[in-house]
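What follows is one structure encoded as C-alpha cells, with my remarks underneath.
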There are 2 protein chains.
Amino acid sequence: MVEKYNKNNKVSLSQVAGAAGVSKMTASRVIRGEGGYSEKTRDLVMQQVDRLGYLPNRLATVFAGDKSSTFIGVSIPDLGNEVFAHVLEGIDHKLGSFGHQTVLGLTQHTETAEEDWIRTVLSWQPAGLILTGRFHSPRSMEMLRNASLPVVEIWDLNSSPLDMSVGINHFDAGFDMGRFLVGCGYRNIGYVGTSHDTANAATTRLAGFVKAVTAGGGAVTKQLCLHDTAAYYPGYYGTEQLLTSTPTLDCIFFQNDAMAFGGMQFCAGKGLDVPGDIGIAGWGDLPIAAVLPKRLTSMHVPHLKLGQAAAEMMMSRLSGEPVHPTRDIGFQLIPGSTVRSQGLS
Amino acid sequence: MVEKYNKNNKVSLSQVAGAAGVSKMTASRVIRGEGGYSEKTRDLVMQQVDRLGYLPNRLATVFAGDKSSTFIGVSIPDLGNEVFAHVLEGIDHKLGSFGHQTVLGLTQHTETAEEDWIRTVLSWQPAGLILTGRFHSPRSMEMLRNASLPVVEIWDLNSSPLDMSVGINHFDAGFDMGRFLVGCGYRNIGYVGTSHDTANAATTRLAGFVKAVTAGGGAVTKQLCLHDTAAYYPGYYGTEQLLTSTPTLDCIFFQNDAMAFGGMQFCAGKGLDVPGDIGIAGWGDLPIAAVLPKRLTSMHVPHLKLGQAAAEMMMSRLSGEPVHPTRDIGFQLIPGSTVRSQGLS
DNA sequence: TCCCGTTGAGTTACCCGTAACGTTCAGCTA
DNA sequence: TAGCTGAACGTTACGGGTAACTCAACGGGA
C-alpha cells in the first residue's frame, strides 16, 4: 500500500452533487442513468460531471453494493512461450468486450508463486479467476474453495474441475501424435522438452505419446527435460545433446514448435536431412510452422479460441447462465512434411 | 458490475474479532503486525484467522486509508508481437516483486481503445499507469492530467513525457540501420511493415531509416505498409508483394525479425540467395534471430530490461524517490550475415 | 375541494477496514 | 496507598457510493 501520489485531488460524487446543488443520491442516480430524476436535474448534474472531470470510484461501488468487481484474475505461466501469449490475448479481448479487466499473474510455472498471487488477487475481490493448469497447492485449493467464486482452469482439461475447465486432453493429444509417428514407421524416437509449460500438461502429453509409441512397437529411447523456457534456442541445444548421446534416433518429438524449429536448425547445420535422415514433430501449430520451407508436423490447438472460451465461460457464469463445467476445445494433427509419409515405412 | 457469485460468504475482520473475543481494531493491529497487543491476544486472533480462512479485503483498506491501490495499469498494443510480450513479462515480474499487480489492457494500436481502457482502469484507483507509446488522444491526456498519478510511457522514448518515459529513440535506431545498410553498398532498398506497432514507433524508425539511406546516396524505393500483425506470415506475403512490384530491390528492411524471417522464407522458396541476391535486415533481435542458419541482421533492443526499467521507475516514484523523467534504454546493431559485408560494395 | 397515486428528490444506514483518540488497569514510585 | 505511567485494547468517525426508505409537491378524478 502506498500513499497516494497526489491525494485529495480526486473529484468525489458529493463534490459533483454539491456543485450541482443536489444530494449525493440524486447525482448518483443521474450518473448511473437509473431514472427517477427530471431532465433539468440531469443536465445540472452532467454539466458538473463534465466540468469537474468526475470519474466514478468503482472501488467504492463494489464496496457499497456488496458486489464483486469486474476484475478477473488470470494466471499464466510465462509469456516467453508464444502459446500462452495467444491464450492471454484471447482472454483479455473477450473480457474487455464484456467490460471486465484482466489482472495478470505470471506464475513461472511454480505452485508457490501461484499461491502467493491467488492470495493477493483474492484480497482485491475479483469477480473470478482463470488459472492455467489443473494442479494447485493445497492452500490455493483451500483459498479458492473459501472464496467460492467462479474459477476456470484452462489449458489442461480437468474432467473434475474446481469449478469449470476448458482445454484439451493432453494425454490423448500426445497419444495421437505417438500413433501417427509410429504409423510413419518411426521406432526409435527422442523427446525434447522443458520442465516448465505448467509442467504437467507437457508431462501428460509425453505420457500419452510414450504409451502410443510403445503400443505400436516403438520406443521413446531418450527423453530430455531441460530447465529452460520452451523456445528456439533450448530446442537447438537440446537437440544437440540428444543426438550426441543417442545418434541412432530416427525421429524427435518436441514440446512445441518453437523448440522443434530450433531442432531443425541444428539438424540443418549438421547436414542432417529432414525427414530423410531424421523426422521432426512439434506441437502447437504456431504461426512459424506455416512459413517454414517444409510444413512442420505439429498438433494444432486453437489457442486464441481457448482463451476466448475461458472468458466466455466466466462471463456466462457471472451472468447466472447455466454453464457446462468442462469444455474440450479440441486439437488437430497436422501431418506436415518433416516426417516420412505414413505407410512408407 | 455483477452480483456476487456467493455473497456473504466472505469472512470479515469483525467476524474474526468476534470469534477471538477482541475488538475489530485489535484484530486489525494483530493482522497488520503493527504492535500494541499481547502475545496471548495475537495467538487468539491468528488462531481464528487460520480457522476461518480470513483474507483481508484490500478494497476496504484502500478506502479507509485514503491510499491508492497496488494496481498498475499496463497498456500493451498486442501480444501477437513477441516484443511486447517480453516487455510485459519484464514489467509484471518487477511489479510483482514489489507487491504490485498488473491490470492489463490490450489496445490494438488504437487511441480510442486506449482511451476507453484508461477511463475504466482509472475508476479502479490504480497507483499508476504504464502506457506503450507516446501518442494519446486529447481526452486521454486530460484524464491523465486530472488523475495526477504516475505515468510511464514506454517503448518510444518521449523526451517531454507526460510524467516519465523509458525506451529508445526510434528515429536514431532507424537512422543507424539505414546508414549501416548503405555502408554495405545497398542503394535500392524496400521496406515491409505494418500499420500497427503503436504505429508511431515503427513510423519514426522508418523516417530515420529513410533519412540515412537518402543521405548516403541510396533510396527507399518502395515501402509496404500491411494491415496485419507484425508476424511471420505477413512478412512472407509482404515480401512477395514487394518483389513482384519492384523486383530490382537489392535489400529489404523489415519492421521486425519475425517479418524478416517470413521474408527470408519467401526468398528461400524463390531460390533467391541471401545475401547474395538480396539483403535482409530485421529489427528487435528476437530469440529466433539467433538460431537461423545465417545470423539475421537486426537491431538489439533489451525488451525485458525495458519492461523492468519501466516498473522500477514507477516503484521509485511511488516510494517518493527522485526519478529522472526519461531513460534511454539503448539499442545495438547486430551486423549479422544476411547482408553483404560492409565495405565489399 | 379532497384524496391518492406518481414523480422527484432527500435521509439514513451500511459496506470493511483504519486513524485518531479514549479508556482501562497492572505495576511501579514516593 | 494515592498518583502516575504506559501498554493493551476499545470506541468513534470516516471514506465514496448505493439500497431502501421517507417525504414533498403536483396533478387528476370523484
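Everything numeric here is computed off the predicted structure, so don't read it as measured data. A note on names: the letters A, B, ... follow the listed sequences, proteins ahead of strands, and every chain is numbered from 1.
Using a 4.5 Å heavy-atom cutoff, the side chains of D92(A) and T102(A) are in contact.
Judged purely by atom type and a 3.5 angstrom limit, E89(B) uses its side chain to pair as donor or acceptor with the backbone of G80(A).
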Indicate for each nucleotide in nucleotides 10-19 of chain D, in 5' to 3' sequence, whether protein heavy atoms under 4.0 Å reach the base (B), only the sugar-phosphate (S), or nothing (-).
BB---BBBBB

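Atom-to-atom, CG of L44(A) to C1' of dG8(C) comes out at 13 Å; the value is rounded to the nearest Å. Spacing between atom CZ of R42(A) and atom P of dG8(C) amounts to 12 Å, rounded to whole angstrom units.
A donor-acceptor pair shorter than 3.5 Å can be found between the side chains of E321(A) and S319(A).
Ion pairing between a basic and an acidic side chain is recognised when a charged N comes within 4.0 Å of a carboxylate O; E115(A) and R139(A) show such pairing.
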Show the numbers, then the answer: is there a side-chain hydrogen bond (donor to acceptor under 3.5 Å, both in side chains) between S38(B) and R42(B)?
CA-CA 6 Å; S38(B) 64; R42(B) 190 197 58 203; over 6 Å; no

